[in-house]
Amino acid sequence: MEHATLPDSLSAKFKGSFAYKTVKDRIPSILVKVIDVLARNYGKFKEDYGEEGVEDAKGVVGRLSGLRNEMQTDKPVLPLTDGRADVKLWNRYLEEVSAVQGSPPSWFTSAWLYVECYMYRRIQQAFEDSTILRTFDPFRAQKEAGLLNSESPIQSLASYVQQATQDPSTLSQQDIHTLFNQLIQVNLWGNKCDLSISGGTENYQKHDPIQQLSSLRPFIIVDQTDQIWNRINQPGASKRVDLIVDNAGFELFSDLVFAEMLLATKLADVVHFHLKAMPWFVSDALRGDFMWTLDVLRASGHAAVSHYGNLWHERVKDGTWVLCEHDFWTCPHDYSKMEAVAPDLYADLARSHLIVFKGDLNYRKITGDLKWAHTVPFSEALRGFLPSALCTLRTLKADLIVGLEEGQAERIEREAEEASDWMVSGNWAVVQYCEQL
Ligand SMILES: O=P(O)(O)OC[C@H]1O[C@](O)(CO)[C@@H](O)[C@@H]1O
Ligand SMILES: [Mn+2]
């Protein structure tokens with residue numbers, strides 16, 4: 001459905017908004033942490049690559065400091081210059097935005113989605129322009145800590161699922177439905193654990209993921225799980241599910257468990273995982289993070305965990321799990337542009353029976369990161385983006401939400417402990433679904 005006039009984009013130009021706070025404080029502090037990681041590793045670079053390694057790292061630090069200065073002084077966004085294949089796409093978009101705005105975009109005046117994505121792309125450019133550190137992931141250690149510090153919830157979830165699916169032929173339709181409902185919620189709450197909202201400080205899963213479900217239940221403010229179940233449980237339908245993955249660490253583990261349950265119960269026969277092709281929003285998962293996660297699980301001394309580590313390596317090998325990357329996921333476009341900008345990806349997703357979008361940034365990109373009224377229907381906020389039936393599992397970490405009932409947002413704001421911050425605290429969540437526009 002075409003909108004006559006769309007709402008404004010969220011932007012740091014709205015003082016006091018979460019976008020303003022993010023551009024002013026949150027993303028500069030993430031950038032400073034990247035600089036710190038490099039500075040702390042000079043000794044290691046020297047050990048590994050000699051003086052040349054240290055010089056290379058200093059070059060990256062210099063470029064990142066320059067970027068920090070550009071942000072803080074609200075400089076216009078510069079075209080990209082490195083050799084990555086996505087440079088054209090980024091620079092074309094920059095030209096389009098400049099033409100529409102009548103001036104080049106800048107940090108505090110332009111769309112928040114655009115400038116925040118641009119920061120991560122410029123971090124990548126600072127590395128691409130080096131010689132030794134081109135593939136260095138400054139967020140890797142944090143992502144690894146996210147998994148390693150979730151040992152106990154991972155063990156209890158692995159045992160639970162192994163037990164529940166031990167003999168799938170004995171499971172009734174009702175058993176499968178109950179397990180589906182539980183694991184979709186575990187997967188939803190896994191999204192609390194990202195490292196970008198916390199500015200990169202630790203944000204690990206600490207509780208037993210199944211046990212905590214009932215106490216978290218009231219915090220799911222839109223829950224269309226039944227519609228997702230009806231879709232996935234349709235007899236005779238194609239059995240491909242696509243997961244648009246968000247964060248590494250416990251969240252990724254919860255994705256894998258969800259995917260495993262779909263296969264074990266025959267709700268799906270193949271799952272495609274869509275991963276980021278470059279370090280992104282601190283904790284987003286890359287192919288390397290995915291494979292590292294499977295290695296860690298396989299090496300675990302815990303029987304259920306290592307069982308899944310082994311099984312999932314097999315799944316990647318036998319093609320029941322397919323790992324995909326596409327530069328579109330790390331570009332600044334919202335998803336209504338996918339069909340035009342990345343028709344190959346759109347056509348691929350159209351072959352899926354159900355697409356599951358994980359997390360907050362995906363939600364922002366699905367809805368265009370606009371200042372929607374909270375009561376606008378989810379299907380309308382998609383603005384025509386529907387390659388196949390899709391759903392979103394998202395904890396709220398941006399001041400953007402659609403699909404609420406009249407008065408619901410006001411009621412939550414009155415009742416929420418965190419009052420005016422409820423939309424960005426990660427404590428509230430939605431499960432939204434659409435199969436028809
Ligand atoms: O990992 P997620 O759930 O996409 O969250 C990313 C975070 O980064 C942000 O884009 C803000 O910087 C928020 O929207 C969200 O807090
Ligand atoms: Mn993320």
Side-chain angles (χ1 to χ4, degrees), residues 9-12 14 17-34 71 107 111-121 123 137-140 142-143 146-147 187-205 243-255 273-286 289-290 329-332 334-335 356-372 392-402 418 421-432:
S9 297
L10 298 175
S11 165
F14 302 110
S17 66
F18 189 61
Y20 177 72
K21 197 171 155 200
T22 299
V23 176
K24 186 170 164 294
D25 302 323
R26 295 178 60 249
I27 55 176
S29 110
I30 287 172
L31 190 53
V32 168
K33 285 202 174 106
V34 173
M71 276 165 84
W107 298 88
W112 171 31
L113 180 63
Y114 178 71
V115 294
E116 190 172 20
C117 291
Y118 178 77
M119 180 191 79
Y120 288 96
R121 182 60 184 81
I123 293 177
D137 177 355
F139 306 121
R140 181 174 301 153
Q142 287 164 271
K143 288 184 275 189
L147 186 79
N187 196 199
L188 166 68
W189 291 115
N191 182 244
K192 260 187 156 186
C193 306
D194 89 275
L195 295 166
S196 156
I197 189 73
S198 61
T201 44
E202 64 168 65
N203 196 17
Y204 310 135
Q205 170 74 26
L243 272 182
I244 317 304
V245 173
D246 186 1
N247 304 306
F250 181 78
E251 180 169 2
L252 178 59
F253 182 74
S254 73
D255 293 338
F273 294 90
H274 295 266
L275 300 155
K276 303 298 187 299
M278 73 170 99
W280 194 244
F281 281 68
V282 186
S283 40
D284 282 27
L286 313 179
D289 300 319
F290 190 104
W329 301 120
T330 47
C331 83
D334 75 68
Y335 296 158
V356 182
F357 286 91
K358 293 296 314 292
D360 196 81
L361 180 62
N362 273 324
Y363 193 86
R364 292 173 58 196
K365 287 190 162 187
I366 282 181
T367 57
D369 216 36
L370 306 179
K371 295 179 87 181
W372 292 108
T392 162
L393 310 182
R394 173 234 184 181
T395 62
L396 278 61
K397 300 174 219 162
D399 43 6
L400 159 71
I401 175 108
V402 296
E418 62 290 55
D421 275 349
W422 70 274
M423 269 199 269
V424 300
S425 64
N427 290 334
W428 301 79
V430 290
V431 177
Q432 290 174 309

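Whatever order the structure lists them in is the order used to number ligands and atoms, beginning at 1.
- Here Ser283 does not reach the Mn ion (ligand 2): none of its N/O/S atoms is less than 2.8 Å from the metal.
- For the atom pair Gln432 CD and Leu393 CG, the distance stands at 10.5 Å (nearest 0.5 Å).
- Residue-ligand proximity, Phe281 to ligand 1, at heavy-atom distances under 4.0 Å covers atoms 8 (O), 10 (O).
- In Asp246, the part holding a heavy atom less than 4.0 Å from any atom of ligand 1 is the side chain.
- Among the heteroatoms counted here (N, O or S) of Asp284, OD1 is the one nearest to the Mn ion (ligand 2).
- Using a 30° and 60° split on the angle between ring planes, Tyr120 and Phe281 fall in the parallel class, below 30°.
- Distances from the Mn ion (ligand 2) to the N/O/S atoms of Asp246 are shortest for OD1.
- Close approach of ligand 1 to Ala398 is summarised as follows: ligand atoms under 4.0 Å from at least one heavy atom of the residue are 14 (O).
- Taking 2.8 Å as the threshold, Asp360 does not count as a candidate ligand of the Mn ion (ligand 2), since none of its N, O or S atoms lies below it.
- In terms of polar-atom proximity, Trp112 is not counted as a contact of ligand 1, lacking any N or O under 3.5 Å from an N or O of the ligand.
- Checked against a 3.5 angstrom limit, the closest N/O atoms of Ser283 and ligand 1 fall outside it.
- No N or O atom of Asn362 sits closer than 3.5 Å to an N or O atom of ligand 1.
- Considering only non-hydrogen atoms, atom 13 (C) of ligand 1 lies nearest to Asp360 out of Leu396, Thr395, Asp360.
- For Tyr118 and Trp107, the ring centers are positioned less than 6.0 Å apart.
- Side chain of Lys276 to main chain of Val245: a donor-acceptor pair is present (N/O by atom type, distance under 3.5 Å, no hydrogens or angles).
- Only side-chain heavy atoms of Arg26 come within less than 4.0 Å of ligand 1; its backbone N, CA, C and O stay farther off.
- Only the side chain of Arg364 comes within contact range of ligand 1, with a heavy atom under 4.0 Å; no backbone atom does.
- Among the candidates Asn247, Thr392, Asp284, Asp255, the single residue satisfying the side-chain hydrogen bond (donor to acceptor under 3.5 Å, both in side chains) test with Lys358 is Asp255.
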